[in-house]
Amino acid sequence: ILASLKCTIEAETGFVKGKRTLTCFPPTASTSINCLQLLPTFTGGTIVFDPRVDISQWYNQVMKYKPNITISTGSVWERFVIDLLETEKNGKKVDLSWVDYFIMGGAGTTPKILDWMNNNLLKRGAQREMRVGYGFSEVFGVLSVQKYDNELVDKNLKHSVINVGIPLPGYIVGLFDESGNEIKYGSGQRGELWIKAPSNMEGYYGKKELTDKTIINGWIHSGDLCEIDKYGNIYVYGRLKNSIDLNNSKLFLFDIANDLREYFKLHDIIVERKNLSNGSFS
């Protein structure tokens with residue numbers, strides 16, 4: 001836990017003394033424990049708890065408590081900006097000069113929508129663009145964070161998914177194909193993301209078989225299909241298991257979703273596999 005906190009602070013995520021955070025996550029969620037409870041405690045910040053907030057209340061809660069740093073998912077932040085614009089349509093000026101870091105975690109959004117959100121936040125005084133982070137419970141919350149003040153961030157929107165930043169200091173990541181061969185950074189190829197970190201879990205409680213499949217030779221196998229550009233930025237496309245085998249090739253459902261979303265100009269879409277009674281699928 002201490003290793004994770006120190007590594008997150010060294011990534012310059014904005015958690016310093018006196019900053020106010022707001023959490024609407026369940027208190028037991030790893031992201032909430034790490035970023036919105038322990039980090040502010042560790043650095044001398046102020047914590048506002050309200051785990052009852054749903055998407056329709058998020059804008060009002062954020063504007064009420066004015067947290068310098070807070071985290072939510074892509075769909076919730078999109079709703080926040082929509083509510084912000086609706087507030088201004090009704091004649092009320094919005095000032096976001098108190099915003100240090102709004103952070104997007106969990107389910108993200110598209111690069112174009114993120115760009116749209118950032119433009120609207122900055123126009124209203126936010127100190128920085130929204131950052132995107134990536135992680136999961138097996139590494140105790142955070143694995144990587146975007147650094148938009150870093151000149152090495154790719155912002156030309158050529159990817160179908162947003163980049164989730166570079167690994168925290170002290171974290172080792174690699175991309176590997178199905179045979180366990182490492183994929184070179186910047187090659188444009190995708191593979192499973194493996195992680196070695198001081199905060200890696202020891203295993204799943206009471207589930208040795210699952211642990212042995214997840215932790216191999218000290219590497220946690222994330223189960224996520226990713227790409228890493230030449231600067232070390234990670235792009236997460238989706239879960240490897242969300243795929244179908246078709247004509248001797250693997251077809252990923254999130255790739256279909258991204259193509260449909262782009263073609264039909266949709267904000268969001270989910271593609272699911274449905275098994276039919278005759279053994280086939282749709």
Side-chain angles (χ1 to χ4, degrees), residues 1-81 83-84 87 94-108 117-118 121-122 124-149 164-165 167-171 197-199 201:
I1 292 174
L2 285 173
S4 178
L5 295 177
K6 286 185 174 181
C7 291
T8 305
I9 291 170
E10 290 202 19
E12 299 176 6
T13 46
F15 289 91
V16 295
K17 186 175 181 179
K19 297 299 181 182
R20 178 191 294 267
T21 62
L22 168 65
T23 176
C24 66
F25 291 96
T28 54
S30 63
T31 299
S32 177
I33 294 172
N34 183 0
C35 294
L36 298 175
Q37 297 176 47
L38 294 180
L39 267 175
T41 302
F42 197 65
T43 56
T46 300
I47 308 166
V48 178
F49 289 96
D50 195 345
R52 301 164 297 170
V53 177
D54 63 31
I55 187 171
S56 65
Q57 302 169 319
W58 180 242
Y59 175 81
N60 290 332
Q61 290 299 91
V62 170
M63 299 306 290
K64 175 182 178 180
Y65 292 114
K66 292 181 170 51
N68 307 116
I69 306 169
T70 190
I71 302 171
S72 199
T73 63
S75 59
V76 174
W77 280 126
E78 187 174 346
R79 173 66 180 268
F80 176 90
V81 176
D83 288 344
L84 180 157
T87 299
V94 177
D95 176 19
L96 298 178
S97 58
W98 40 269
V99 175
D100 281 348
Y101 290 102
F102 279 170
I103 303 172
M104 183 186 300
M117 288 195 287
N118 278 328
L121 295 175
L122 292 174
R124 288 153 185 86
Q127 301 299 306
R128 296 175 180 84
E129 295 176 317
M130 184 179 297
R131 288 188 172 191
V132 180
Y134 166 68
F136 39 85
S137 296
E138 289 83 347
V139 296
F140 194 60
V142 185
L143 169 66
S144 65
V145 179
Q146 268 183 349
K147 300 192 74 171
Y148 267 131
D149 52 348
V164 296
L168 300 181
Y171 285 52
S199 63
M201 69 171 186

For the atom pair [atom1] ([X]) and [atom2] ([Y]), what is the distance rounded to the nearest 0.5 Å?
{"X": "Ile47", "Y": "Thr23", "atom1": "CD1", "atom2": "OG1", "value": "9.0 Å"}
{"X": "Ile9", "Y": "Phe15", "atom1": "CD1", "atom2": "CZ", "value": "9.0 Å"}
{"X": "Cys24", "Y": "Leu36", "atom1": "SG", "atom2": "CG", "value": "8.5 Å"}
{"X": "Ile71", "Y": "Arg131", "atom1": "CD1", "atom2": "CZ", "value": "11.5 Å"}
{"X": "Met63", "Y": "Gln61", "atom1": "CE", "atom2": "CD", "value": "12.0 Å"}
{"X": "Lys64", "Y": "Leu22", "atom1": "NZ", "atom2": "CG", "value": "10.5 Å"}

On a heavy-atom basis, which atom in [X] and which in [Y] lie closest, and how many Å separate them?
{"X": "Gly170", "Y": "Pro198", "answer": "O-CD, 3.4 Å"}
{"X": "Ile103", "Y": "Trp77", "answer": "O-NE1, 2.9 Å"}
{"X": "Pro40", "Y": "Cys35", "answer": "CD-O, 3.3 Å"}
{"X": "Ser199", "Y": "Tyr171", "answer": "OG-OH, 2.8 Å"}
{"X": "Ser4", "Y": "Thr8", "answer": "O-OG1, 2.7 Å"}
{"X": "Met130", "Y": "Asn118", "answer": "N-OD1, 2.6 Å"}

Next item on the list: Could you please spell out the steps behind the side chain to side chain contact (heavy atoms under 4.5 Å, CB included) verdict for Arg79 and Trp58?
Entry: CA-CA 8 Å; Arg79 173 66 180 268; Trp58 180 242; over 6 Å; no
Do the non-hydrogen side-chain atoms of [X] and [Y] ever get within less than 4.5 Å of each other?
{"X": "Leu38", "Y": "Ile33", "answer": "yes"}
{"X": "Thr21", "Y": "Tyr101", "answer": "no"}
{"X": "Tyr65", "Y": "Thr46", "answer": "no"}

For the pair [X] (side chain) and [Y] (backbone), establish whether a donor and an acceptor sit closer than 3.5 Å, ignoring hydrogens and angles.
{"X": "Asp100", "Y": "Ile69", "value": "no"}
{"X": "Gln127", "Y": "Trp98", "value": "no"}
{"X": "Gln146", "Y": "Val132", "value": "yes"}

Checklist line | Tyr59 and Phe80 aromatic ring geometry - parallel, tilted or perpendicular at 30°/60° bounds | finding: tilted
Next item on the list: For the pair Lys19 and Thr43, evaluate side chain to side chain contact (heavy atoms under 4.5 Å, CB included) and give the outcome as yes or no after the intermediate values.
Entry: CA-CA 9 Å; Lys19 297 299 181 182; Thr43 56; over 6 Å; no
Margin query: For Phe42 and Asn34: C-alpha separation, side-chain torsions, deciding distance, then whether side chain to side chain contact (heavy atoms under 4.5 Å, CB included) applies.
Written below: CA-CA 10 Å; Phe42 197 65; Asn34 183 0; over 6 Å; no
Note to self: For a side chain to side chain contact (heavy atoms under 4.5 Å, CB included) check, start with the C-alpha distance between Leu122 and Glu129, then their side-chain angles and the critical distance, and finish with the verdict.
What the structure shows: CA-CA 7 Å; Leu122 292 174; Glu129 295 176 317; 3.5 Å; yes
Notebook entry, point to check: How about Lys66: does its NZ atom have over 12 heavy atoms from other parts shown lying under 6.0 Å from it?
Noted result: yes
